[in-house]
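Naming: A, B, ... by sequence-line order, numbering from 1 per chain. Please read all numbers here as calculations on a predicted model, not as lab measurements.
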Number of protein chains: 2
Amino acid sequence: MPTLRDVAKLAGVHQSIVSRVLNDDKKTSVKEETRRRVLEAAEALGYWPNALARGLKLKSVGSLALVIPDISNPVYAEIIRGAEQEARRSGHFLLLASTEGTDPGELEFLQSLLEGRVDGVILANALVEDAVIDDLEAGRYPYVLVNRRSQRASRYVVADDAAGAMLAVNYLIDRGHRRIGHLAGPPTADTALTRKYGYRQAIEAAGIAFHEDLVIEGSYSTDSGRVGIRRLLSLKDPPTAVFAANLRVAAGAMDAARRTGTRIPEDLSVVAMHDTELAELLSPGLTTVRLPLEGLGREAVRMLLRVARGEPGPEQVVLLGAELVERESVSPI
Amino acid sequence: MPTLRDVAKLAGVHQSIVSRVLNDDKKTSVKEETRRRVLEAAEALGYWPNALARGLKLKSVGSLALVIPDISNPVYAEIIRGAEQEARRSGHFLLLASTEGTDPGELEFLQSLLEGRVDGVILANALVEDAVIDDLEAGRYPYVLVNRRSQRASRYVVADDAAGAMLAVNYLIDRGHRRIGHLAGPPTADTALTRKYGYRQAIEAAGIAFHEDLVIEGSYSTDSGRVGIRRLLSLKDPPTAVFAANLRVAAGAMDAARRTGTRIPEDLSVVAMHDTELAELLSPGLTTVRLPLEGLGREAVRMLLRVARGEPGPEQVVLLGAELVERESVSPI
DNA sequence: TCACTGTGTGCAAACGCTTCCACAATAAGA
DNA sequence: TCTTATTGTGGAAGCGTTTGCACACAGTGA
């Protein structure tokens with residue numbers, strides 16, 4: 001790996017000149033002839049500045065950390081993709097850290113993560129402890145929460161989960177459904193609560209009575225969907241449609257429903273939050289609400305870079321743009 | 001962020017002592033009392049060494065790059081997960097770079113990737129150009145190819161795709177199938193060729209004639225599965241079973257088959273390569289062959305770190321351990 | 001008493017870069 | 001002719017580490 005000095009020697013100038021030329025320093029002028037020689041030398045040697053040395057000097061290294069709980073979850077995959085794109089667009093790299101079960105000493109973990117090797121961190125991690133957030137706030141360390149709000153966090157970017165939920169439920173209502181169940185997510189997740197809130201809003205706005213027993217709380221897993229739908233279907237007056245808080249939940253529910261002889265959509269309509277490849281491949285194709293997850297990732301990176309540079313701007317962003325994706329899992333009543 | 005000097009000042013010693021204590025340097029001895037003071041000071045200040053400065057000095061920075069073509073693909077997600085785990089286990093971080101369509105100037109891209117900010121790079125990228133590999137070889141830069149072999153690459157780790165394919169096909173043969181189709185992947189992909197080879201081996205080993213027209217080459221996409229299965233089903237003597245080179249292909253095939261009134265598994269048995277959540281959520285549940293993808297990621301990291309340290313070891317690894325996962329998409333004939 | 005061997009600590013250079021400052025040379029104004 | 005500004009270049013410090021080396025101070029054996 002050639003260094004600045006190597007280039008300088010070849011060009012017959014001092015390394016400081018090389019640095020200035022390569023960084024296009026406005027504050028100093030260099031003779032055109034010299035500039036040419038420098039550029040040629042750099043080209044000839046295949047010179048690339050060393051990011052470490054640069055970062056050490058400039059106290060900004062050109063990479064960001066993205067902390068997520070589970071890489072295999074397609075929801076996070078989309079957030080990652082958006083973040084990666086935006087990071088690259090602005091000349092940054094993404095350091096990916098997955099917590100997958102790494103709970104104890106998560107704080108240590110984060111601290112070690114920093115070590116000065118990133119300019120900031122994005123937490124797409126619903127499971128992060130409040131203590132971690134407090135710590136980040138106290139340390140004035142650039143960070144952004146994504147897909148999760150928190151009282152203690154001053155910065156986050158989330159999707160409009162409530163509007164998304166309303167969109168889904170209204171779609172069912174428009175098709176004549178009155179008895180609509182909700183397979184909710186874990187009550188510990190901010191997104192789950194918001195979706196549940198949206199569900200209720202839509203129900204009541206349509207003049208339908210809200211029934212607590214039509215809402216089954218669980219986790220964001222297929223099994224939770226299976227269990228939930230069985231409970232709903234065994235009610236004395238079962239729902240004709242359900243809104244699932246999540247694709248996995250919906251997939252589990254569809255599977256379990258089918259096994260008990262319930263046909264979808266003839267006997268039961270299903271709408272789910274999130275729209276990944278899976279929704280299309282299930283049969284029947286699942287009608288979903290698509291949230292701008294990639295946008296979440298992108299926006300988080302933008303906000304983080306702003307914060308890291310000390311620029312002003314919005315610190316709590318709710319990204320609008322939920323969209324209904326029609327497939328075959330809903331039939332009118 | 002406190003520095004070594006801050007700690008030294010607080011402990012009343014020179015920074016070199018602090019460095020030695022903290023790195024547990026065997027070559028110098030330090031008084032027990034001094035060591036204690038240093039550790040206390042470091043603790044009190046919440047000192048963490050700066051990875052950049054350290055990396056600059058040591059020429060090894062403690063992170064690796066993982067280059068993949070598509071984050072949303074669950075196959076890569078597993079590789080990423082394995083790599084991430086192994087990286088963390090050995091105290092390294094993973095820099096994730098996705099190429100998603102970034103084809104032009106990929107070489108530039110890689111070079112800039114390095115910039116000294118990683119100790120090596122793992123290419124889980126089937127699309128990487130040969131020129132890039134040549135460059136890496138020429139530059140003696142630590143790198144490992146994963147899930148892809150190449151003539152020009154001296155180091156790779158792949159799964160035993162051939163054995164996996166044979167496992168799948170034999171499973172069908174054991175259940176009485178004789179006319180077995182193969183929805184192959186793109187002929188440009190090493191994995192696709194190997195799977196096709198395995199398919200043929202299994203067929204011929206069972207004394208069944210190999211028919212070129214039972215093999216449909218395409219891409220690793222659902223649409224390719226749809227198109228392929230239509231062609232197979234429209235043969236004058238259509239297969240009773242197919243082996244799909246990939247989950248997406250299988251999902252597309254199942255969907256298209258169903259739409260033409262073909263029942264699965266009654267009329268057509270399906271086995272696919274790869275086993276992700278999707279396989280379980282399809283209906284019927286898809287019988288698959290699981291390849292040790294996480295292991296691929298882990299092994300790649302191990303190999304890379306070995307290479308980066310200049311240690312000897314195997315440079316071409318075929319990771320055994322394909323496993324058949326039985327579900328409901330196959331019926332005996 | 002003298003050399004010798006450990007033991008414990010500090011000095012200073014180096015990793016590759018950026019940037020403030022000094023300074024030489026030329027050009028311009030008084 | 002003498003300042004004064006402008007342009008172009010080099011010197012050198014410093015970012016936070018690690019580590020070879022020097023050195024001071026014991027303790028040991030002759």
Donor-acceptor side-chain pairing of B/T191 and B/Y220 below 3.5 angstrom: yes
Atom-pair distance (CG on B/L58; C1' on D/dT17), nearest Å: 7 Å
Spacing between A/L56 atom CG and D/dT18 atom C1', to the nearest angstrom: 13 Å
Between C/dA14 (P) and A/N50 (CG): distance, integer Å: 18 Å
Residue pair A/D160 / A/L291: nearest heavy atoms and the distance that separates them: O-CD2, 4.3 Å
Shortest non-hydrogen separation from B/S63 to B/R117 and the atoms involved: OG-O, 3.3 Å
Donor-acceptor pair present, A/R20 side chain and D/dG10 base, under 3.5 Å: yes
Residue-level proximity of residues 3-16 of chain A to DNA chain D when a heavy atom falls under 4.0 Å: A/V13, A/H14, A/S16
Side-chain H-bond candidate by donor/acceptor type, A/R149 with A/T194, under 3.5 Å: yes
Sole candidate of A/L64, A/V118, A/L304 that passes side chain to side chain contact (heavy atoms under 4.5 Å, CB included) when paired with A/H92: A/L64
Among A/L4, A/V38, A/D6, the one residue meeting side chain to side chain contact (heavy atoms under 4.5 Å, CB included) with A/Y47: A/L4
Qualifying residue for side chain to side chain contact (heavy atoms under 4.5 Å, CB included) with B/M303, from B/Q316, B/R298, B/R155: B/R155
Salt bridge (charged side-chain N to carboxylate O under 4.0 Å, His left out) between A/R148 and A/D190, worked out: CA-CA 6 Å; A/R148 182 203 175 193; A/D190 175 55; over 6 Å; no
Close residues, residues 22-38 of chain B, relative to DNA chain D [heavy-atom separation under 4.0 Å]: B/N23, B/K27
Set of side chain to side chain donor-acceptor pair (under 3.5 Å) partners for B/R5, sequence neighbours left out: none
Five-pair end axes of the helix from C/dT1-D/dA30 to C/dA30-D/dT1 and the angle they enclose, rounded to 10°: 70°
N/O donor-acceptor pair, side chain B/K57 with base D/dT17, under 3.5 angstrom: no
Nearest-nucleotide pick for A/K59, side chain only, options being C/dC11, D/dG16, D/dG11: D/dG16
A/E137: side chain to side chain donor-acceptor pair (under 3.5 Å) partners, not counting sequence neighbours: A/Y143, A/S154
Test salt bridge (charged side-chain N to carboxylate O under 4.0 Å, His left out) applied to B/E33 and B/R36, step by step: CA-CA 5 Å; B/E33 148 73 4; B/R36 195 184 49 70; 2.9 Å; yes
Evaluation steps, salt bridge (charged side-chain N to carboxylate O under 4.0 Å, His left out), between A/R89 and A/E86: CA-CA 5 Å; A/R89 222 183 51 73; A/E86 183 65 22; 3.0 Å; yes
Spatial distance of atom NZ (A/K31) from atom CD1 (A/I17) [nearest 0.5 Å]: 11.0 Å
N/O to N/O distances under 3.5 Å, protein versus nucleotides 24-26 of chain D:
none

Residue-phosphate contact under 4.0 Å: B/R54 side-chain N/O, D/dT18 OP1/OP2: yes
Residues B/E78, B/R81; criterion salt bridge (charged side-chain N to carboxylate O under 4.0 Å, His left out); working and verdict: CA-CA 5 Å; B/E78 285 207 46; B/R81 167 134 38 87; 5.3 Å; no
Side-chain N,O (B/S19) to OP1/OP2 (D/dT17) below 4.0 Å: no
Spacing between A/L52 atom CG and C/dA14 atom C1', to the nearest angstrom: 15 Å
